[in-house]
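Below, chains carry the letters A, B, ... as their sequence lines are ordered, and counting in each starts from 1. Since we're looking at a predicted model, the values are computed, not measured.
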Amino acid sequence: MPDNPKRRDLLGLAALWSAVAAMGTALAGVMRLPKPAVLPGPLRIYKLGDPAQFAVGSATRMEAGGFYLFRGEEGFHAISSTCTHLGCVVALNEGEGFACPCHGSRFRTDGSVSAGPAPAALPWLEIALSPDGQLQVNAETQVPKGTRFRV
Amino acid sequence: MTPAKEFLENLKRTPQNLRESMLRNGKAPESDRERSQSTFHNFFLHLQSVRVHRHSLRFGYTFGLGLILTASFVVLTFTGILLMVYYKPGAELAYDSVKDIHFVVPAGRFIRNIHRWAAHLMVLAVFLHMARVFYTGSYKRPREFNWVVGLGLLVFTLGLSFTGYLLPWDQLAYWAITIGANIANSPREVTDAIGITVWFDPGRFQKQLLLGANYVGQEALIRFYVLHVAVLPLALTALMGVHFWRVRKDGGLSRDESLPAPPARIGDADVAVFAPNKTYGLMAVVRGRTPEVDRAPEGTVASWPNLMWAEMAAFLFTIAVTLVLGYFFDAPLKEMANPAIPENPAKAPWYFLGLQELVSYSAFMGGVGIPTIVLVGLGLIPYLDRDPRGVGVWFGGPAGRRTFWQSLAYGLLSVLALLVFTVNFGWLRAWFPAIPQIAIIVVNPATVIVALYAAWSLWVLRRTASIRLSAVALFTCFLAGFIVLTAMGSIFRGPNWHFYWWPSQWPTH
Ligand code: HEM
Ligand code: FES
């Protein structure tokens with residue numbers, strides 16, 4: 001049979017692309033490694049002790065948990081202190097709301113943005129009572145703004 | 001000769017024979033041919049071509065910037081390996097090990113300082129080198145791709161300094177990287193605004209890939225360490241090899257071919273009698289117009305020693321600068337990283353502060369959108385401006401020079417005016433508190449300045465009908481913007497990112 005250059009080209013191309021596909025698949029498989037399957041980190045549920053220790057009208061900064069705990073007439077609520085812009089820690093100025101030191105974002109007392117580059121409001125966090133009667137804030141779970149927790 | 005005598009004789013000659021066998025040429029070259037051979041018979045020297053054009057050696061053309069970059073990378077590698085001897089990439093250990101390096105390890109502080117200063121020098125030089133390549137039109141055919149390779153080098157250089165910034169694990173490092181990693185997360189700002197984050201969340205993917213977690217911790221530190229000491233240096237080295245290779249294969253440095261070759265210098269007289277005593281295979285066919293028949297050696301001089309002198313000067317300059325700075329000025333080391341209390345203000349290294357200023361308008365636009373536009377735009381320059389005229393001439397001639405000055409003035413004034421306005425009057429959200437986020441992402445000082453610059457460049461294009469001039473206009477505008485924004489972020493922003501004329505006015509807290 002005469003040598004068929006077209007056929008040879010086809011076989012060559014097929015071989016080439018198989019090799020490329022094989023390498024690509026292998027690479028894709030290997031490169032899954034850096035994508036973490038399990039996100040490390042502490043359990044972000046914080047027990048805060050007896051609810052009675054927080055006076056009505058108080059605001060308490062929970063440094064380790066990264067949120068503020070408020071107790072008002074209608075109950076407890078917790079607002080995250082991690083700025084929604086780029087993750088700095090906001091400070092509470094009594095009566096005015098929150099201010100971020102990094103790029104000057106400002107938030108009202110309910111967490112909504114009043115100025116600066118922050119794209120979203122500070123989230124409200126879920127509060128529950130633990131079986132042993134302690135106030136417990138789950139910093140991983142958000143609740144709609146205005147949700148209060150009554151003991 | 002008895003065997004014993006021969007043995008002794010050989011022993012006596014060994015130092016000399018060793019030297020001669022090591023340097024294949026054995027001795028300092030005397031004729032031009034020997035100089036050529038010294039160059040390509042030596043592994044390290046054969047990176048260079050045997051002869052260089054005299055124009056390429058002119059200081060006022062390259063300012064030695066590529067060489068300074070290479071030298072600072074060598075200094076960084078050398079000092080970096082020394083630092084690795086003591087550095088421990090653990091969240092609990094890193095800070096103390098850096099403190100040890102600084103205060104206990106012999107010469108540790110000095111080496112750490114040199115490493116830091118060489119990094120600053122390299123970043124400065126990479127910007128200046130890019131500017132010189134741009135303004136001399138050296139990205140044009142056949143050097144388009146080397147410009148793209150250069151952009152890769154720019155990205156890797158910035159990546160090296162970004163990853164290195166975290167390693168001391170102090171407050172400065174921790175908060176700069178927290179901000180940086182959240183910038184990687186900032187496509188969320190857009191996906192959130194249009195409500196598709198649940199299905200498509202590239203921001204979170206990028207952040208988790210970078211940090212290995214949702215926060216800056218041990219996983220992030222080890223990732224940054226691996227990038228900083230292995231991945232990026234290797235990638236940079238490989239790309240540098242390609243870069244140098246292309247400089248040679250594209251015909252050496254660019255120059256104005258329309259100028260007559262400079263007259264031969266005394267000492268070049270033996271160019272004419274350069275006749276190899278053996279034949280060489282055609283190792284590679286070189287593109288471009290440079291190695292022309294009959295013209296090749298014209299205007300060139302032997303690399304040995306002419307280029308060698310230039311290289312030595314650049315290396316000595318780099319080493320001298322980093323030694324002096326490292327002796328007098330310490331690299332900073334603040335308190336140990338504390339995730340509960342942000343550094344105020346939390347500033348990235350100086351070359352990112354322009355971006356940080358942009359980020360303070362919109363995280364996505366400043367941190368991802370505009371840098372991407374700039375990089376893609378830079379990459380397209382050699383493919384959009386294909387006019388072969390003006391290669392190797394600063395600004396391509398008087399018209400370009402004029403465009404440069406006009407664009408510089410326009411670029412500086414417009415960014416300054418915009419900053420003055422923003423500092424005094426705020427931006428959209430200050431006037432319309434309920435404005436949707438997407439409007440701010442699209443219209444903020446960062447996008448406005450890009451639009452103003454693009455408009456200017458288009459206007460120059462219309463007025464002059466020259467793509468080259470409009471590229472000069474755009475590049476110059478961005479240069480002006482970069483300088484002003486960097487100064488703004490480094491000098492005029494204080495606690496809470498408020499505007500201050502001088503750091504001494506910062507409130508004490
Ligand atoms: C680690 C970073 C870099 C190193 C070590 C480096 C090194 C060099 C060296 C040694 C030269 C020849 C001498 C000189 O022009 O000074 C050169 C030329 C060149 N570089 Fe770079 N460079 C780097 C980054 C860049 C960047 C960021 C760009 C542009 C985006 C770039 C584009 C070019 C081009 C197009 C040439 C050829 C210039 C001509 O022919 O006149 N390089 N580079
Ligand atoms: S991180 Fe809070 S304003 Fe940027």
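- Between atom CG of residue N214(B) and atom CZ of residue R44(A) there is a gap of 9.0 Å, rounded to the nearest 0.5 Å.
- If you measure heavy-atom distances from A118(A) to chain B, the contacts under 4.5 Å come from the backbone alone.
- The environment of CH2 in W501(B) is sparse: at most 12 heavy-atom neighbours from other residues, nucleotides or ligands sit within 6.0 Å.
- Interface remark: I183(B) contributes backbone and side-chain atoms alike to the contact with chain A (heavy atom separation under 4.5 Å).
- Residues T178(B) and C88(A) fail the side-chain proximity criterion, which asks for heavy atoms closer than 4.5 Å.
- Within 6.0 Å of atom CZ in F421(B), more than 12 heavy atoms from other residues, nucleotides or ligands are found, so the atom counts as buried in its surroundings.
- The NE2 atom of H103(A) sits 10.0 Å away from the CZ atom of R493(B) when rounded to the nearest 0.5 Å.
- For the set Q218(B), R223(B), E189(B), the count of heavy-atom pairs under 4.5 angstrom toward chain A peaks at R223(B).
- Considering only heavy atoms from C-beta on, H85(A) comes within 4.5 Å of V359(B) through its side chain.
- Contact annotation for E219(B): only side-chain heavy atoms (C-beta onward) come within less than 4.5 Å of a heavy atom of chain A.
- With a 4.5 angstrom heavy-atom cutoff, R188(B) does not touch chain A via any of its atoms.
- When heavy atoms are compared at a cutoff of 4.5 Å, R108(A) approaches chain B solely by way of its side chain, counted from C-beta outward.
- Heavy-atom distances place the side chain of Y215(B), and not its backbone, under 4.5 Å from chain A.
- Separation of atoms CD1 (I341(B)) and CD (E63(A)) is listed at 5.0 Å; rounding is to 0.5 Å.
- In this structure, R429(B) contributes its side chain and P117(A) its backbone to no donor-acceptor pair below 3.5 Å.
- The distance from the CG atom of L86(A) to the CH2 atom of W175(B) is 11.5 Å, given to the nearest 0.5 Å.
- For chain A, no part of P436(B) is nearby; none of its heavy atoms comes within less than 4.5 Å.
- Of the residues considered (P40(A), G87(A), G104(A), C102(A)), P40(A) shows the highest number of contacts with chain B, using heavy-atom pairs under 4.5 Å.
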